[in-house]
Amino acid sequence: MFLGNHPRTDASKTAQATSAGPGDAVYVEGTMASTYIGGDKILWQWTENGETQVRTNIYTVLSLRMFADLNLDDTINSNDYVGVSSLTSHGWVMPVTSNAFRKVQLKNDVNFTGTRTLTLSSSDAAVRVWATATPSTNDTPLLVAGQTVTNGIDGIDGADFAGYPESMIYVEAIDSGTATLSYNYVGTGEYATGLVCEASFGMTCVKVELCSVVLDADGYPYIENGEVVPGQPIGFDDVRVTTYVPFEDRGTPRSISFSDSEANMIVFEPDGASAGLRISRGGTESYKAWELDYTNTVQDIDYYQWNGVSNYVHVAFSNNIQNCTSTVAIVIMDEDFTGEAAPVTNSIKLYSDGALPGYHSNYLISEPREDVGMPAFSAHNAFVVRMEPFGIAADDLVVSIVTPDETYDISFEQNAAGSYVSALVVPVPYGDGDVDLGFESSVRVVKLKLRKGELYGWDRIPINIETLGASARKIASGEIEAGNAMLITGVVSNEEHASKRASQAVVSTGLSAGDRLKYGVTPIFTPSTEQILAQLEKHSVWIHSGHGGNNGGIEIVKKVGAKYELCLFKASDINISGLAYDLVFMNTCESTDYLTVPTICHPSIPSVTWKVIPVTTTAVMDIGTALNAKNYIGWDTWVQRELSVTIPKMLMEALDSENDGTPVTVADAIIAVKEKLESEKPKYYWFAPRLNHKVKDDSVIMDLNKKAF
């Protein structure tokens, strides 16, 4: 008797029939395998013409069945038995995940001699079958596409897949596609010849990927035909992302690299009395505009400047160019800022036509910066879920993301390449959930609002890919970890080498943190106290480069009327409770709990000995204490700026464990930075011993490619 690939429901039978009349139907259920051929019988007995009539039906009960871990919970139970009947033409749908071995239970209710075979049919090599859930590097699969393995009792052909009454095999989905797994029995010997039974089921493997998004020159997601363009896969299980931190009121300021030269002009009027500087985007309305007043001419240099709400724009160029190009320096600065701040200098190439004396226009503007910063550097704080098509309509799929506060159902659409792509998912701090990101009107966006975890660590965010409908059967499941981004600030002034705080201590460091550690980064130039306080709850790392001291704190700016002036930021300014930072690096002079000075004070001569000077206040290090820094780095001396601005980027590089996969702690990274300074001996390398790791927590791994534990 062939039972087929269906679950038994013995428990539902509670009553036994005692008789059946002529024409009545009866049903036979085999509840266990027969011990010999014809070993199970039904005896029919009735009286006819006063004589007892007896007839016998002889049965042989045997069965092969297969049950898969349909709901991907790593167990095979009643939920999977019941799920067999609800399988569609796609069969068992599972995500493509190398090194994930899904259970398949083989039920072998056959007590007789014969040939048992497993066959894997697939035209696209979507799956392979293993005899163990933990294959070693040198193991070979039990089955790959197109193969058949025979018997398998007592380890024959590499597996006990025909063991009685059941055994387990493991399926690994390695690529998108379909496959069919078949389990067959053909009897042999004097009595079993002719007995046949089989079980099979289809499988559909779906490649499910979390993907970063391609960023345009402004640091915003690149949009094509109303959809973001997926970038490189960033994994699905055990991947981490950081929050995207939008700026209030107007979305995130953009760092713009212009390519539409005709749309971005600087024009000097022929009379030389005035000039207009206009920065716009692709022929649309102006992004920034200034009217410049002529100042004077000294040694063939023309100066124009504009007095705005907060900043001065100072423009200088050679006034004697004809039919050639020249370079105009644009310096944004605050005239009354006593710390001599001059945020960012950019250059514009000018062209002069001899037919229009005094008229000059640019053909390239390179990255003018807003007053408080730029978008996050990393594509890993915005992602999409992408799946390859497998016959289910995009409307029948949904991404389900559950946070402690909300459940987000995110729809899919099919893009021009045929892939299913979800809406753009942007993790943001909870308080920024209603802030404009700057691109909601042009693309489907879901802002994933995240709170800090109870222990101020990483939040684990479950992501489930499901089919819609009554069953909402899950086809993929995983978790990502999401945490706060990195804040990088720098005071930019017109001192010697101070502009390097922008180019190296902020920009280069931020790009390295984004590219290598996968952090989202919020850079701010010359911040005010209000700007710093607005960002502290949204980040888990703060690296600041500027002036500082044990007695005063760190130097920043404050707004006085329409101007900015120098002020000090101290721990007492932090009025936010419950902060807990993974890392604080105050890259300023005198930023630990003691002070050393070199015994050789000439800046060009290495000092091998240092004199310790007692201090009574630790105003800079107190900031790290107020932030509950798990790791705190500072300098226990005054330090040459030309060296100090390079340290944050070196630290980001040292924290990158990508090369050998070994997680790197902050302590490890600092040792690596010091060793590199000692071996390469850049200018002022002898300050390396004065880089001081005052607070250490070796459980903190900064590289987002690695787990936090």
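Remark: Glu653 engages no residue in a side-chain hydrogen bond (donor to acceptor under 3.5 Å, both in side chains) (not counting sequence neighbours). For Asn381, there are no side-chain hydrogen bond (donor to acceptor under 3.5 Å, both in side chains) partners two or more places apart in sequence or in a different chain.
The closest donor-acceptor contact from the side chain of Ser419 to the backbone of Val421 lies at 3.5 Å or more, if one exists at all. Under the 3.5 Å distance criterion, the side-chain polar atoms of Thr243 are left unmatched by any main-chain donor or acceptor of Val245. No donor-acceptor distance shorter than 3.5 angstrom exists from the side chain of Thr665 to the backbone of Asp698, with no hydrogens or angles considered. Proximity of a side-chain donor or acceptor of Glu227 to a complementary backbone N or O of Glu224 within less than 3.5 Å is not detected. Within the 3.5 Å criterion, the main-chain N or O of Asp73 finds a donor-acceptor partner in the side chain of Asp69. Formation of a donor-acceptor pair under 3.5 Å by the Asp515 side chain with backbone atoms of Ser512 is not found in this model. Lys447 places a side-chain N or O within donor-acceptor distance of the main-chain N or O of Val435, the cut-off being under 3.5 Å. Looking at Asn631, its side chain never comes within 3.5 Å of a backbone N or O of Val666 through a donor-acceptor pair. Within the 3.5 Å criterion, the main-chain N or O of Asn99 finds a donor-acceptor partner in the side chain of Glu172. Not a single donor-acceptor pair under 3.5 Å links the side chain of Thr180 to the backbone N or O of Phe201.
With salt bridges taken as basic N to acidic carboxylate O contacts below 4.0 Å, none links Lys630 and Asp697.
Put simply, the side chain of Leu579 reaches to within 4.5 Å of the side chain of Ile576, judged on heavy atoms. Looking at heavy atoms from C-beta onward, Lys538 lies in side-chain contact with Asp432 at the 4.5 angstrom threshold. Between Val384 and Val228, the closest side-chain pair of non-hydrogen atoms falls below 4.5 Å. No side-chain heavy atom of Val96 sits under 4.5 Å from any side-chain heavy atom of Val206. By the 4.5 Å heavy-atom criterion applied to side chains, Arg386 and Val208 are not counted as neighbours. Looking at heavy atoms from C-beta onward, Phe383 lies in side-chain contact with Pro427 at the 4.5 angstrom threshold. In this structure, Asp656 and Leu517 have side chains that are in contact, with non-hydrogen atoms separated by less than 4.5 Å. Met652 places none of its side-chain heavy atoms less than 4.5 Å from the side chain of Arg516.
Heavy atoms from other residues, nucleotides or ligands lying under 6.0 Å from NZ of Lys696 number 12 at most. Annotation: Tyr430, atom OH; neighbour count of heavy atoms from other residues, nucleotides and ligands within 6.0 Å is above 12.
A donor-acceptor pair shorter than 3.5 Å can be found between the side chains of Thr489 and Trp542. Side chains of Ser545 and Asn587: a donor-acceptor N/O pair is present below 3.5 angstrom, by distance only. Ser422 and Arg444 are not linked by any side-chain donor-acceptor pair at a separation below 3.5 angstrom, with hydrogens and angles left out of the test.
Rounding to the nearest 0.5 Å places CG of Leu536 at 5.5 Å from CD1 of Ile574. Taking CD1 of Ile174 as the reference point, atom CZ of Arg128 lies at 4.5 Å (rounded to 0.5 Å). Remark: Trp92 CH2 to Met203 CE distance equals 7.5 Å, nearest 0.5 Å. Atoms NZ and OG1, from Lys676 and Thr646 in turn, are 9.0 Å apart once rounded to the nearest 0.5 Å. Remark: Gln414 CD to Tyr420 OH distance equals 5.0 Å, nearest 0.5 Å. Summarising the geometry, atom OG belonging to Ser167 is positioned 8.5 Å from atom CD belonging to Gln105; distances are rounded to the nearest 0.5 Å.
Pairing each heavy atom of His693 with each of Tyr632, the nearest pair is CD2-O, 3.4 Å. Nearest approach of Val214 to Pro230, heavy atoms of both residues: CG2-O, 3.7 Å. When all heavy atoms of Ser508 and Lys649 are compared, the closest pair comes out as CB-CD, 4.0 Å. In terms of heavy-atom proximity, Gly510 sits nearest to Val521 at O-CG2, 3.6 Å. Nearest approach of Ala669 to Leu651, heavy atoms of both residues: CB-CD1, 3.8 Å. Across all non-hydrogen atoms, the minimal contact from Leu120 to Val144 is CD2-C, 3.6 Å.
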Quiz item: Checking side chain to side chain contact (heavy atoms under 4.5 Å, CB included) for the pair Val426/Tyr244: CA distance, chi angles, key distance, verdict?
Solution: CA-CA 7 Å; Val426 184; Tyr244 187 96; 3.5 Å; yes
Quiz item: Is there a side chain to side chain contact (heavy atoms under 4.5 Å, CB included) between Phe585 and His544 once you walk through the steps?
Solution: CA-CA 6 Å; Phe585 180 11; His544 175 76; over 6 Å; no
Practice problem: Assess whether side chain to side chain contact (heavy atoms under 4.5 Å, CB included) is satisfied between Thr178 and Asp124, documenting all intermediate values. | Solution: CA-CA 7 Å; Thr178 59; Asp124 12 51; 4.0 Å; yes
Practice problem: Test Thr522 against Met486 for side chain to side chain contact (heavy atoms under 4.5 Å, CB included), laying out the working first. | Solution: CA-CA 6 Å; Thr522 303; Met486 182 182 297; over 6 Å; no
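For the side-chain contact (heavy atoms from CB on, under 4.5 Å) with Ile410, the qualifying choice from Val445, Leu424, Val446, Val385 is Val446, the only one to do so.
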